Every structure is written in structure tokens, then in C-alpha cells.
Amino acid sequence: MLNIIIFGPPGSGKGTQSAFLVEKYNLQHLSTGDMLRQEIADNTELGKSVKLIMESGKLVSDDVVIKMIGNRIAQKPANTQGFIFDGFPRTVQQAQALDNLLQTQNLKIAAVLLLQVSEEAIIERLLLRAKAQGRTDDTPEIIKARLKEYHDKTAPVAEYYTQQNKAHYIGGNKSINVISKEIFDIIDNAL
Ligand code: AP5
Ligand code: MG
């Protein structure tokens with residue numbers, strides 16, 4: 001099994017690059033952001049409980065996302081070649097929980113891809129996406145709050161994986177195709 005984490009600030013290209021990885025390596029895409037937006041769209045109890053938090057740009061609680069990911073790992077489809085974790089883990093506590101969840105299934109993380117993108121590019125991309133897709137958290141004020149959460153709580157997770165020798169840094173200001181190629185090379189080398 002090939003289990004990969006794609007990591008980076010809002011708008012760094014996690015979702016975009018995940019789509020290429022899913023196709024090339026037959027992985028299952030686990031995006032906690034997408035799962036939470038689906039819960040909101042379905043108006044579930046969970047969706048109702050996280051809606052305001054997500055609209056403020058803050059992280060939802062570790063317990064909620066760890067439980068969601070735990071369920072998906074436990075229900076792994078037989079034919080999948082591995083998982084791509086997108087937007088998870090986002091705190092050191094989530095990273096530790098993920099290691100424990102994987103361990104119960106005799107699995108581990110093969111590589112962590114860290115996309116590095118300048119703040120100007122992030123803001124430009126997300127404001128452009130707001131026009132195209134209308135994601136409610138893509139407004140200047142909420143983008144600022146999301147970036148703050150990233151710097152305060154998520155950035156330290158990179159160190160967790162550096163210590164495990166799994167971190168691969170990728171300059172994310174390049175074109176989408178150039179970045180994909182770099183990512184494929186990293187994974188092919190890690191295999
Ligand atoms: P989440 O959905 O994970 O959002 P995010 O991390 O803010 O990231 P985005 O999805 O905005 O960006 P992306 O990196 O996927 O970039 P994309 O490929 O789309 O989380 C949303 C919220 O959910 C959080 O704020 C939190 O409340 C909650 N949440 C989720 N997970 C959580 C967790 N684990 N713990 C707690 N709370 C959690 O690209 C962006 C745009 O740029 C696109 O339009 C794309 O076409 C374009 N683009 C991509 N690459 C390039 C490139 N190389 N050049 C030019 N444009 C590009
Ligand atoms: Mg995304």
C-alpha cells in the first residue's frame with residue numbers, strides 16, 4: 001500500500017495534485033475538507049455542528065476529523081492501492097492519531113509532500129477560485145483567518161514528519177504540470 005500525505009497552506013494545490021495522484025497510482029482520496037463540506041451540504045448533525053467553524057476559517061476539533069478518517073481507513077476498499085490524505089493531519093495531535101490508526105491495519109505513511117507557495121500567490125488563487133466555484137471560505141477576511149490557523153497549528157506538523165525522514169519539500173509556485181512531474185519523481189523514488 002502506498003499511503004501519501006499532501007500537505008500545505010490553503011490554496012497550495014493539495015486538491016489539484018491529489019487528482020493526478022489518484023489517477024496515476026490508483027489511490028483513494030481522503031480530503032477532510034471535502035468530507036466536511038459534504039456533511040454541510042447534506043445538512044447532517046455533524047454538518048450543522050461544523051458549519052460556523054468552517055465559515056470562520058478556524059480548524060474544526062481534532063476529535064471530529066480523527067473519527068472521520070478512522071472510519072474511512074477501517075472501510076478501506078479491497079482494490080485500493082493506498083490513501084492520499086489531503087488536508088489531514090493539520091495538527092500534531094492529528095498526525096499522532098493517524099500513525100496509530102494506520103498501525104492498527106499494519107500500514108504506514110510512505111511520503112509527505114509539502115507544497116510551498118507564497119502568500120501572494122495563495123490569495124490570488126483563492127480569490128480567483130471564489131469567482132469560479134463560490135467556496136464560502138474564499139473571501140479575503142476568511143483566507144486571512146485560514147492562513148493564521150495554518151501558521152499557528154498546522155505548520156508545526158511538518159517538523160513531525162521531518163523527524164521521521166518522510167518530508168519532501170516542493171516549490172508550489174510553478175505550473176501545475178511541472179509540480180505533478182516533480183511529485184511523481186519523488187513517489188517513484190520512494191517506492
Ligand atoms: P480544506 O478544504 O482542506 O481547505 P484548505 O486547506 O484551506 O485548502 P484548499 O482546499 O483551499 O486548497 P488546496 O491546497 O486544496 O488547493 P487547490 O488544489 O484547491 O479545509 C477547509 C476547512 O475545513 C478548514 O478551514 C477547516 O475549517 C476544515 N478542516 C478541513 N480539514 C481539517 C482538519 N484536518 N482539521 C481541522 N479542520 C479541518 O488549489 C487552489 C486553487 O489554485 C484552484 O483554483 C486551483 O485550480 C489553483 N491552482 C492549483 N495549483 C496551481 C498552480 N500550480 N498554479 C496556479 N494555480 C493553481
Ligand atoms: Mg482542497
Side-chain angles (χ1 to χ4, degrees), residues 4-23 29-41 46-73 83-98 101 112-158 160 170-183:
I4 296 168
I5 294 172
I6 190 146
F7 184 93
S12 55
K14 301 184 292 296
T16 303
Q17 296 299 332
S18 291
F20 294 112
L21 289 166
V22 163
E23 197 166 324
H29 184 211
L30 297 184
S31 157
T32 39
D34 288 350
M35 291 177 207
L36 292 166
R37 279 185 289 278
Q38 191 60 51
E39 295 284 342
I40 293 173
L46 176 62
K48 285 182 215 162
S49 74
V50 298
K51 188 169 188 288
L52 286 178
I53 302 169
M54 282 180 74
E55 281 174 359
S56 74
K58 295 255 189 212
L59 293 186
V60 309
S61 77
D62 287 335
D63 292 351
V64 166
V65 288
I66 290 168
K67 199 167 160 199
M68 276 190 336
I69 288 286
N71 288 339
R72 297 301 180 103
I73 292 174
F83 293 111
I84 169 115
F85 297 95
D86 161 2
F88 181 93
R90 254 173 152 101
T91 62
V92 173
Q93 204 192 328
Q94 291 178 24
Q96 288 163 341
L98 178 60
L101 284 167
V112 182
L113 309 166
L114 299 104
L115 297 169
Q116 297 185 292
V117 183
S118 65
E119 208 153 300
E120 300 79 62
I122 286 173
I123 293 167
E124 200 182 298
R125 285 182 194 179
L126 295 183
L127 292 179
L128 212 71
R129 187 176 66 182
K131 284 186 202 149
Q133 294 177 19
R135 226 174 91 169
T136 52
D137 57 351
D138 283 343
T139 66
E141 203 176 293
I142 302 170
I143 293 168
K144 220 168 118 189
R146 286 158 65 197
L147 285 169
K148 184 168 177 351
E149 285 285 86
Y150 176 79
H151 290 299
D152 292 351
K153 298 177 185 162
T154 306
V157 177
Y160 180 85
I170 299 147
N173 277 56
K174 289 163 273 188
S175 77
I176 290 173
N177 290 335
V178 169
I179 295 167
S180 306
K181 170 100 188 33
E182 275 185 36
I183 288 179

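What you see is a predicted model; the values in this text were computed from it and never measured. Indexing begins at 1, ligand by ligand and atom by atom, following the structure's order.
The protein atom (non-hydrogen) at minimum distance from atom 49 (C) of ligand 1 is T16 OG1, 3.4 Å. At the top of the distance list for atom 15 (O) of ligand 1, counting protein heavy atoms only, stands G15 N, 2.9 Å. Protein heavy atom nearest atom 56 (N) of ligand 1, with residue, atom name and distance: R125 NE, 3.5 Å. Looking only at protein heavy atoms, the nearest one to atom 20 (O) of ligand 1 is R90 NH2, 3.3 Å.
Considering backbone and side-chain atoms alike, D137 places every N or O at 3.5 Å or more from each N or O of ligand 1. Of the polar atoms of K58, at least one N or O is found under 3.5 Å from an N or O of ligand 1, judged by distance alone. Backbone and side-chain nitrogen or oxygen atoms of V65 are examined, and none is located within less than 3.5 angstrom of a nitrogen or oxygen of ligand 1. Polar contact check, Q17 against ligand 1: no nitrogen or oxygen pair lies under 3.5 Å apart.
The part of K174 lying near ligand 1 is the backbone, judged by heavy-atom distances below 4.0 Å.
When K14, E149, R129 are checked for heavy-atom proximity to atom 19 (O) of ligand 1, R129 turns out nearest.
Two residues are said to be in side-chain contact when any heavy atoms from C-beta on lie closer than 4.5 Å; I5 and P89 meet this criterion.
The side chain to side chain donor-acceptor pair (under 3.5 Å) test applied to K58 returns no partner, not counting sequence neighbours.
Among residues at least two apart or in separate chains, side chain to side chain donor-acceptor pair (under 3.5 Å) pairs with a member in residues 60-71 are D62-T91, D62-Q94.
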